[in-house]
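All remarks here apply to the structure that follows.
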Amino acid sequence: MNLLLHSCCAPCTTYCLEKLRSDGHDVYGYFYNPNIHPYVEFRRRLDTYRDYCASVGLDADICESYGLRQYIVEVGSDIDGRCAVCYRMRLLSAAKLALEKGVDAFTTTLSISPYQNHELLARVGEDVSREVGVPFIYYDFRPGYRRSVEISRELGLYRQPYCGCIFSEEERYSPKFRKSRKRTKKGSADKE
Ligand code: SF4
């Protein structure tokens, strides 16, 4: 099957790509993440992804536009409900590219993270799939999460310490959120 793999970052892509290729799929990559802030962090993740793609022979579309303004407009005032909007922004764009490229289906590396909301992610994927008319495949890549960390370390890839948006960065570092971090061990979609 020809698959478009939306990637949130290089470290999460490692295991997902390994798994999809070993299952016999032809994979095309897509980096589109208007949720990554601030700019220096965005560039760092993007550059790491580009270098990684070159090292493993992965053809990919890489969106270089920094999406803070677009992200803020889309999320609006619903800061607590932002993850649904964030998933939709990224998966909708991936679905449109999948249609344009004529691939069989699209999926995302987001589903490797134990810190993402998988039920919501699958639902949003199905919604945009219906809307655009390209199949979405929800892979539960979570069993490979540890492996992705190992591969990233072996390759010396930059691994980010928070999910991406400026709010998740605050939740990661601000003492204000320390108690809830201890309670849940990690933030909603922390990368560590
Ligand atoms: S916490 Fe992560 S998934 Fe949720 S809105 Fe922020 S970047 Fe997106």
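Counting convention: from 1, in listed order, for ligands and their atoms alike. Predicted model, so just to flag it, every value in this text is computed and none were measured.
Near Cys83, the atoms of ligand 1 lying under 4.0 angstrom from a non-hydrogen atom of the residue are 1 (S), 3 (S), 4 (Fe), 5 (S). In the vicinity of Tyr71, heavy-atom distances shorter than 4.0 Å reach the ligand 1 atoms 5 (S), 6 (Fe). Using a 4.0 Å cut-off to heavy atoms of Arg82, the atoms of ligand 1 that qualify are 1 (S), 5 (S), 6 (Fe). Within the listing of ligand 1, atoms 7 (S) sit less than 4.0 angstrom from a heavy atom of Asn35. Listed by number with element, the atoms of ligand 1 under 4.0 angstrom from any heavy atom of Gln116 are 3 (S).
The closest approach between a heavy atom of Glu171 and any atom of ligand 1 is not below 4.0 Å. Not a single heavy atom of Tyr162 sits under 4.0 Å from any atom of ligand 1.
Of the charged side-chain nitrogens involved, at least one lies within less than 4.0 Å of a carboxylate oxygen, so that Arg130 and Asp127 count as a salt-bridged pair. In summary, Asp23 and Lys19 engage in a salt bridge, as defined by a charged side-chain N under 4.0 Å from a carboxylate O. With salt bridges taken as basic N to acidic carboxylate O contacts below 4.0 Å, one links Glu18 and Arg147. Using a cutoff of 4.0 Å between basic side-chain nitrogens and carboxylate oxygens, Glu74 and Arg88 are not scored as salt-bridged.
Between Ile36 and Tyr162, the closest side-chain pair of non-hydrogen atoms is not below 4.5 Å. No side-chain heavy atom of His25 sits less than 4.5 Å from a side-chain heavy atom of Asn2.
With a cut-off of 2.8 Å, atom 4 (Fe) of ligand 1 has no N, O or S atom of Cys163 in range. At least one N/O/S atom of Cys165, from backbone or side chain, sits under 2.8 Å from atom 6 (Fe) of ligand 1.
Cation-pi geometry between Arg90 and Tyr32 is not met at under 6.0 angstrom from the ring centre and within 45 degrees of the axis.
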